Amino acid sequence: MKRRDALRSMGALFAAAGLAKVGAVELKSVPPQTGLNREMLPSPVMSGGQGNVFKGQARATLTAVFDRLIPHDELGASASEAGCVDYLDAQMNGPYGESKDLYLDRPLRADESALMGLTISLRTRRDYTLAGLLFIDNHAQKLHGRAFAELDGEQMDAILRQLDEGRLDWEGAGSGSRLFEFLLLSVREGYFADPLYGGNRGMVGWKLVGFPGARYDYRQYIDRRGQDLGLEPISLIPVS
Amino acid sequence: MAIQRKKADVVIVGLGWAGSLMAEELTRAGLEVVAIDRGPWLDTATDTPPAVDPDELRWSIRRELLLQPGEYTLTFRNNSGQTAVPTRELKAFQMGKSVGGAGFHWAGMAWRFSEWDFRVRSATLERYGAAKLKGLDQVQDWGITYADLEPFYDRFERIAGISGVAGNINGEIRPGGNPFEGPRSREFPTPPLKDSRLMQMYRDSTAQMGMHPFYIPVAHVGSAYVNPLGVSMAPCTYCGYCMFHGCGNYSKSSPQACVIPALMRRKNFTLITQGYVTKIHKAEDGKTATGVSYFDEQGREVVQPADIVALCSFTYDNARLMMLSDIGKQYDPVTQTGTIGRAYNYQTCAGAHVWFEDETLNPFIGAGGLGIQVDDYNGDNFDHSNLDFIGGAGLLTVSREGMPIGRSGLLPPGSPRWGKGFKQTYKDNYQNYGIIFGQGTSMPDRDAYLSLDPNYKDRWGTPLLRMTFDWNQNDRNMARFIEQRAVDIGKKMGAKHVHTFNSAAKSWSPYDENSNHTQGGMVMGEDPRTSAVNTYLQSWDAHNVFVVGASAFPTNAGYNPTSTVGALAIRTARAIHEKYQHNPGSLV
């Protein structure tokens, strides 16, 4: 890569991560702009989701997988009811999905995964997730002649259990369980992140465990050790 | 053709804790200082206010305040016989990505190392004899003592407003503090914060076991405070959004909160942001440096000449820039000659996750370093005569594990992680989890070192730094011992489940996130054959180059490194303006 290109992409990286505010400058005093930085403010995801990344069969598979990982039950909403599919769609549509943060230069040595202790893929997260969902769907077709989303709950769980327990590999040793861990992490993120990211709708995840959310001062509570404080959660945005 | 800037008295590479503290000393003494940081300007109130900071996904999980591997990474291998491969995802290597460096997102534990930590070799020989150092031939003293560094620890603590309880003031052991610590000249600048329920349980149980629990000294100020530079801070509010986060309360000490506001108002200080330093220029005689080169944001090469070069760019680039600039001789693990890259060391961690029944711990009330520790098994505070290792670990609990994404992965072994039963298990355990963390010493080893990678490059085509590291037998033995002490404490606390972890039980990888404390590679000492810098962190090979940071630690203690980095930086800066500038040459 040419140096200028490299630097341009570095600028893009800063922008992607929200730290672009002041360019390369020579500072002789505190920068005069003291207002809240626009780039630091997060971008809310509207409920309903844009469906930019997960469409058609991929969206159906993702929804089915997520709802087996966190099902609807007497304790509350399922993952998709809580907005986790919209959440991941928005994540995969931005810099996280593009894996701007990763070092993806080649070569990928054959022994890299063994040395590092986990299965390495050079795909972007977006491509990785789409390919992983396709693999799950194809596996369902092979076993049952139906799409994953059309299986019954027991059949879905059996496939997920195979991935979880490392008994179903995809693209090399350990790749099945890594795919499972990635999907599990993603659904947890959606269910427990601030609702502004599109999941945790109605703060269901926070209410489940009793997490008070985006509060910033517990000085009046620290002395009430061992007590149920009964704190209602609050989000960084007022509606979700 | 490179752009030439006006010559400065001192150029500082990297404006984190080390760089900002150096700059503060040097500008106050009247020197013209230019600091170059690879990151953008970032400040507390404008960038991480309470409307932005309480966001687990963005800061704790995505870690957007950290330097990402896409921008900067290292290659890694366990031993010299392997070909190193790049670290592609952010895990254990946790550098800052902005002005302020890792000092902006750190958790805040602010330790002094013990007296023993500075003279591991001598102290071990004195107490146990030479046999105890078998297989530990690279273990060496720092060349300075705790007492030498005490005034500078004190200065760092005053600037940062550290909250704590002194355990030893001028030799007098004080109740409530750490009885094993070295003598302090006075009490901490700000009082301790309050205990959480978990901290009280830990205090009670360890005291009943005959140990000596105390409040961890921490960079979350305990009261309203104005530091010696005139910068105001406000008391910590226990918000819990701390490690990997900024602070919107002026409560967590950072270069931005404590030093940079004073620094930026000095006429003899200039900061260049988004400048990526690639090289130190050597003078024609090869014995001194003339300045540094960097690429600015537009890709232009710029030369900043200076009489003195101070590298303050974290452990990795401190060593890498010396290698890229061909200053000194790189370490060779076969012949064991050369010092640049030698004696890389880490942090050996073991402990236990514990789960109680029917507790209400309110884990969302906390802070990055709000905790209780016992030092009864740290350093040489216990008899090692019948043990197969030297060193030990601070055993602590900390109240910072309340954020719900992270906590969703911390369930008792065997409980459902997904599907039916997951929600109930998580609900039942959210209020019942605690950690007992053993943060242990790390001894250098002949096959643990830093060098340049022959295969992988950064965006400028410059070789990545290559780390060669695995646990040595001493540290593995120590970790096994500490793991068992954590189990004892967990049982005493009445935990229903005690699930141990031991980072040294298998070969290390940078995807194992035990600790981000990485030291050595440019170690200090009294002998130029075994140290890269002298006891003033001055290069043995170019007397106007100073290499400041945890890169200078020849051994690592069972504590977090930051206060020692700060103290060394202040000590070095003072030596520069009191002695070196008047008579340039070796300070020893």
Side-chain angles (χ1 to χ4, degrees), chain A residues 1 3-4 6-7 13-14 17-19 21-31 34 36-37 40 42 68-69 71 75 100-103 105 109 112 115-118 120 157 184 188-189 192-194 197 205-206 208-212 214 216-219 221-222 225-229 236, chain B residues 40-42 46-47 49-50 52 54-58 61 64 68-71 73 77 82-83 85-86 88-90 97-98 194 197 200 237-239 261 264-265 270-275 296-297 299 360 362 364-365 404-405 408 417-420 422-424 426-427 430 456 459-460 509 511:
Chain A
M1 195 187 288
R3 186 188 305 146
R4 274 180 193 284
L7 284 157
L13 273 173
F14 285 122
L19 296 180
K21 53 183 301 194
V22 182
V25 283
E26 180 176 334
L27 298 173
K28 292 290 288 184
S29 65
V30 178
T34 53
L36 175 61
N37 227 331
M40 299 303 281
R68 294 316 293 176
L69 297 178
L75 289 171
K100 295 283 192 200
D101 54 316
L102 306 181
Y103 181 88
D105 284 15
R109 290 177 52 86
E112 180 171 327
L115 203 161
M116 289 301 205
L118 83 174
I120 307 287
D157 283 359
L184 184 58
R188 287 170 173 170
E189 287 174 359
F192 297 107
D194 194 287
Y197 294 105
W206 294 353
L208 173 72
V209 296
F211 178 66
Y216 215 61
D217 190 349
Y218 291 112
R219 280 174 294 180
Y221 301 105
I222 177 87
R225 290 172 200 89
Q227 293 178 29
D228 178 356
L229 302 173
L236 285 169
Chain B
W41 175 263
L42 191 78
T46 47
D47 292 302
V52 168
D55 182 344
E56 181 188 13
L57 181 72
R58 192 163 177 206
I61 305 291
E64 285 188 24
Q68 302 288 345
E71 292 169 57
T73 194
R77 59 184 178 175
Q82 297 170 323
T83 301
V85 292
R88 300 183 183 279
E89 287 182 42
L90 197 159
K97 82 183 301 178
S98 67
K194 291 178 174 176
R197 166 82 181 137
Q200 288 199 336
T237 63
Y238 309 90
C239 80
M264 296 306 288
R265 285 167 173 78
T270 303
L271 169 62
I272 293 163
T273 65
Q274 284 174 246
D296 74 5
E297 180 221 29
T360 306
N362 292 327
F364 43 83
I365 300 178
I405 301 171
S408 64
R417 301 195 305 145
W418 55 277
K420 188 171 159 25
F422 161 70
K423 280 186 206 160
Q424 189 66 51
Y426 188 16
K427 186 180 163 68
Y430 179 73
Y456 294 92
R459 296 164 179 281
W460 289 266
S509 140
Y511 295 93

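Just so you know, these numbers come straight off a predicted model, no measurement behind them. Residue numbers start from 1 in every chain, and the chains themselves are labelled A, B, ... in the order their sequence lines are given, proteins ahead of strands.
- Between B:F364 and A:Y218, the angle of the ring planes lies from 30° to 60°, which puts this pair in the tilted group.
- Both the backbone and the side chain of A:L102 have a heavy atom closer than 4.5 Å to some heavy atom of chain B.
- In terms of non-hydrogen atom pairs under 4.5 Å with chain A, the most contact-rich of B:R77, B:K420, B:E89 is B:E89.
- Not counting sequence neighbours, the partners of A:E189 by the salt bridge (charged side-chain N to carboxylate O under 4.0 Å, His left out) test are B:R62.
- The backbone N or O of A:D105 lies less than 3.5 Å from a partner atom in the side chain of B:R88, making a donor-acceptor pair.
- At a 4.5 Å heavy-atom cutoff, the contact between B:Y238 and chain A is made by backbone and side-chain atoms alike.
- In this structure, no portion of B:L90 lies under 4.5 Å from any heavy atom of chain A.
- Between chain B and the options A:G226, A:A193, A:G205, A:G117, heavy-atom pairs under 4.5 Å are most frequent for A:G226.
- Taking CD of A:Q227 as the start and CZ of B:R197 as the end, the distance is 11.0 Å to the nearest 0.5 Å.
- Taking the side chain as every heavy atom from C-beta outward, B:V85 and A:I120 never approach each other to under 4.5 Å.
- Contact annotation for B:Q82: only side-chain heavy atoms (C-beta onward) come within less than 4.5 Å of a heavy atom of chain A.
- When the candidates A:M116, A:K28, A:R219 are compared by the number of heavy-atom contacts under 4.5 Å with chain B, A:M116 comes out ahead.
- Using modelled atom types, one side-chain atom of B:K423 and one backbone atom of A:P71 make a donor-acceptor pair closer than 3.5 Å.
- Note that CG of B:D55 is 10.5 Å distant from CE of A:M40, once rounded to the nearest 0.5 Å.
- Looking at B:Q424, both its backbone and its side chain come within 4.5 Å of chain A, counting heavy atoms on both sides.
- Counting only heavy atoms from C-beta outward, the side chains of B:I61 and A:F192 never approach each other to under 4.5 Å.
- Side-chain atoms of B:T360 do not come within 3.5 Å of backbone N or O of A:D228 as any donor-acceptor pair.
- Across every non-hydrogen atom of B:P54 and A:L236, the tightest pair is O-CD1, 3.7 Å.
- Atom CG in A:L208 sits 8.0 Å away from atom OH in B:Y426 (nearest 0.5 Å).
- The shortest side-chain heavy-atom distance between B:N362 and A:Y221 does not fall under the 4.5 Å cut-off.
- The contact between B:S408 and chain A is made by backbone and side chain atoms together, counting heavy-atom distances below 4.5 Å.
- A:D194 places no side-chain N or O within donor-acceptor distance of the main-chain N or O of B:L57, the cut-off being under 3.5 Å.
- For B:F422, the part lying near chain A is the side chain, with the backbone staying farther off; criterion is any non-hydrogen pair under 4.5 Å.
- The two residues B:T83 and A:L115 make their nearest non-hydrogen contact at O-CD1, 3.7 Å.
- Listed by chain and number, the residues in a salt bridge (charged side-chain N to carboxylate O under 4.0 Å, His left out) with B:R265 amount to none (sequence neighbours excluded).
- Of the atoms belonging to A:L184, it is side-chain heavy atoms, and not backbone ones, that fall under 4.5 Å from chain B.
- For B:P49, the part sitting under 4.5 Å from any heavy atom of chain A is the side chain, from C-beta outward, and nothing else.
- Closest of all the heavy-atom pairs between B:Y430 and A:V209 is CD2-O, 3.2 Å.
- B:R417 and A:R188 make their closest contact through O-NH2, 3.6 Å (heavy atoms, listed as atom of the first residue, atom of the second, distance).
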